[in-house]
Amino acid sequence: MTIGGESRHAVDGQTLEVRNPATGEVLGHVPAASAADIDLAVQAGKNAFEDWRREDPAVWRERLVAFAKLIEQEGEELARLDVLSNGSPIREMRNDVNFAVESLRFYAGLASQVGGKTVPTTHDRLNYTLRQPFGVVGRIVPFNHPLLFAASRIGAPVAVGNTVIIKPSEYTSLSAVRIGELARQVFPAGVVNVVTGLGATAGDALVRHPDVRRISFTGGAETGRRIVTRAAEVNLKTVTLELGGKNPLVVLPDADIDSAVEAAVRGMNFTWQGQSCGSMSRLLVHRDLYPAFVEAVASRAESIRSGSPVDEETETGAIVNQAQLDKVLSYIELGKAEGARLVAGGNRLTEGDFGRGLFVRPTVFADVEPDSRLAQEEIFGPVLSVIPFDTYEEGLRIANSVSYGLTASVFTRDLGAAHRFARDVEAGYVWVNEVSKHVHATPFGGWKDSGLGREEDISELESFTQTKNVHVNFEQ
Ligand code: NAD
């Protein structure tokens, strides 16, 4: 771990095994932090904060730019660490490095842009606001894009004078450990700390630490709610949450069919084995197009190449761990039991080298009942549910019928329908004739049970500051 600028094992010497989900091999061990380690990291962050918060924004910017450059230089190694521990194909994980580097540069550039404002009051009074850092910020991140989250989520807090503790997923900590080592080369000791360990111990201790007043969490919806509850038991913290989704892609009858079929498959993120919060896991197709559309999507899904994640040709890799694999397979059985029609995949790969790993073929169910569990619950695996609808109103109603509200997409050439959908759909991020794209500077985040707060834009930066109002009387 990186704590206070040093490489540390856990105080009690405990470790966690890291496995390669594509081969079953044990890759190594990482420290399993306990509350004692979290306390050390918080103390280190508090000590570093005293100087870091006083630095000029130019220093925050320069250090972040230098950090981004180091990550870029080590990009191939970092991508390979992610491939080994999370099973996604190498060509996808390289994109994650690029995203992280761009994100760090984006926040570096904004370091001097988070100012307060002056507020008109009376003639001889000056009223203004300051935006000031919280202090030590905890950021807990998931397994699906390990390096991307561990690295990019350092940018916003640090660019406005906070210090940060990153807690990666226990399954995919390797790239975060390396990120900690790189951070030591550019940041003063204690500005960036990386702790590894289990969510229920290390993560929970971070959430409950009284000196951490700002927590940002990316992960499952249930964990998110638990974190809010646990944090509130200790003191009042500002908590933001980026949670799951069961996102609808709605294909209206006038859509460009070829691009919609392509988008339906790409939007499901089979390339990360469906393990993405933004996956369009509900495909809602107008009945006029439905039979041909289902056939085209199924055949396109069947054509996706499963293989070793380190192989450059591989298009879909391994599921991250046994628990996640069991969950995916149980939902496939559930889909069959609920009467959905399996039109692609649905099986685990067991022949040859595949047998050592956790591989499931891209799976497509058609005729899924909108109210069934298959259509309502986040699987976080390579399982796409296709649902027909007859009218725009019905499509919209189905789109909005889940507890989540992260992303949504509509394919149509009708400008009016596109804008009505964008207005009426219950989601935090909407694509029109597009899927999956994240653009730096645009706010990403969920409605309903998909989260609280926004990230990837300037509001994320602002969310790591607290506002102070200053009222000055200059009458005499
Ligand atoms: P998870 O909730 O199991 O774990 C996420 C992180 O939280 C890990 O670091 C874990 O160790 C930690 N954690 C677990 N229990 C904790 C606790 N009690 N207290 C504190 N920390 C705890 O999620 P996961 O399985 O790693 O990731 C998958 C989930 O993440 C999916 O639901 C997915 O939709 C969501 N996700 C959301 C976004 C987004 O931007 N909205 C992005 C990626 C993933």
Side-chain angles (χ1 to χ4, degrees), residues 16 18 21 30 32-33 35 38 85-86 88 96 99 103 138-150 152-153 165-173 175-176 194-209 212 215-234 237 239-247 269 272-281 319-328 377-381 402-407 427-429 436 438 443-457 460:
L16 293 171
V18 181
V30 293
I38 298 299
S85 62
N86 99 334
S88 291
D96 281 17
F99 187 94
S103 172
R139 299 204 82 169
I140 302 173
V141 294
F143 71 76
N144 59 330
H145 296 287
L147 173 274
L148 182 158
F149 285 124
S152 68
R153 273 35 180 177
I165 300 173
I166 301 285
K167 204 313 258 160
S169 165
E170 49 270 48
Y171 301 106
T172 56
S173 302
S175 56
V194 176
V195 294
T196 54
L198 293 173
T201 49
D204 189 59
L206 186 55
V207 165
R208 290 175 68 81
H209 200 292
V212 177
I215 289 282
S216 118
F217 169 76
T218 304
E222 252 178 62
T223 319
R225 287 190 203 193
R226 184 174 169 78
I227 283 174
V228 171
T229 312
R230 296 285 285 170
E233 284 168 7
V234 178
K237 298 175 195 288
V239 180
T240 49
L241 305 171
E242 289 283 350
L243 308 176
K246 191 74 183 179
N247 311 302
N269 298 317
W272 310 311
Q273 303 73 251
Q275 299 169 151
S276 182
C277 56
S279 294
M280 317 306 297
S281 51
I319 304 280
V320 70
N321 58 38
Q322 185 68 44
Q324 200 62 27
L325 176 93
D326 293 344
K327 182 177 172 192
V328 169
E377 297 175 14
E378 187 190 46
I379 302 171
F380 216 59
V402 296
S403 63
Y404 293 107
L406 189 57
T407 66
Y429 206 106
S436 301
H438 286 230
F444 188 86
W447 283 27
K448 294 157 79 177
D449 289 346
S450 288
L452 295 173
R454 294 293 177 273
E455 293 186 344
E456 302 178 6
D457 69 332
E460 179 182 344

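Order of listing sets the numbers, starting from 1, for every ligand and every atom in it.
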State whether Arg139 and Glu455 are salt-bridged, where the test is any N-O pair (Lys NZ or Arg NE/NH1/NH2 against Asp/Glu carboxylate O) under 4.0 Å. yes

For Asn247, side-chain contact (heavy atoms from CB on, under 4.5 Å) partners two or more places apart: Met280, Leu406, Thr407

By side-chain contact (heavy atoms from CB on, under 4.5 Å), which residues pair with Leu452, not counting sequence neighbours? Leu241

Please list all pairs meeting salt bridge (Lys or Arg N to Asp or Glu O under 4.0 Å) that have one or both residues in residues 199-208, counting only residues at least two apart or in different chains. Asp204-Arg230, Arg208-Glu233

List by chain and number: which residues place a heavy atom under 4.0 Å from ligand 1? Ile140, Val141, Pro142, Phe143, Asn144, Phe149, Lys167, Pro168, Ser169, Glu170, Gly199, Gly203, Asp204, Phe217, Thr218, Gly219, Gly220, Thr223, Arg226, Ile227, Glu242, Leu243, Gly244, Cys277, Glu378, Phe380, Leu406, Phe444

So do the side chains of Tyr404 and Leu243 get within less than 4.5 Å of each other, counting heavy atoms only? no

Polar contact flag, side-chain donor to acceptor under 3.5 angstrom, Glu456-Ser103: no

